[in-house]
Structures are given as structure tokens and as C-alpha cells.
Amino acid sequence: MFVDFQDQWRPGPWEPKRPPGRLTKRQERVIGWLVGINLLLLLVAPLGGSTLVAAFIALLGG
């Protein structure tokens with residue numbers, strides 16, 4: 001099979017990606033709230049899940 005490599009498009013010179021800029025105060029606050037909510041759910045969710053499992057077992061007559 002013949003592949004014509006003449007007149008190929010050549011990519012431009014490689015440039016590294018720019019590092020992301022700093023977060024704004026609003027973005028820092030939102031991320032702080034999200035981290036706090038996730039930490040709270042990390043503690044509360046297993047208790048809620050075990051309560052639902054216990055309720056389901058009680059519902060089945062176990």
C-alpha cells in the first residue's frame with residue numbers, strides 16, 4: 001500500500017501548557033464548602049446507610 005507523505009500538514013512548534021491561574025476568593029470559598037460537606041457526609045452517610053439496611057431487614061421480618 002502506498003502512502004504519499006509529500007505535502008503533509010506539519011504541526012506547529014510544541015509549546016507546554018500554561019499552568020492554571022490562582023483561584024479567586026469565591027472559588028476558594030466554594031471548594032472549602034464542598035470539602036466540608038464531603039467530610040460531613042463521610043461521617044454521616046455510613047450511619048444512614050446502616051439505618052436503612054436495618055430498616056429493610058426489619059421490614060422483611062428478620
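The side-chain heavy atoms of Leu34 and Val30, taken from C-beta on, include a pair separated by under 4.5 Å. The side-chain heavy atoms of Arg22 and Gln27, taken from C-beta on, include no pair separated by under 4.5 Å.
Note that CG of Asn38 and CH2 of Trp33 are 13.0 Å apart. Values are rounded to the nearest 0.5 Å.
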As a quick check of understanding, evaluate side-chain contact (heavy atoms from CB on, under 4.5 Å) for Leu39 and Leu43, giving each step before the final call.
CA-CA 7 Å; Leu39 289 174; Leu43 298 173; over 6 Å; no

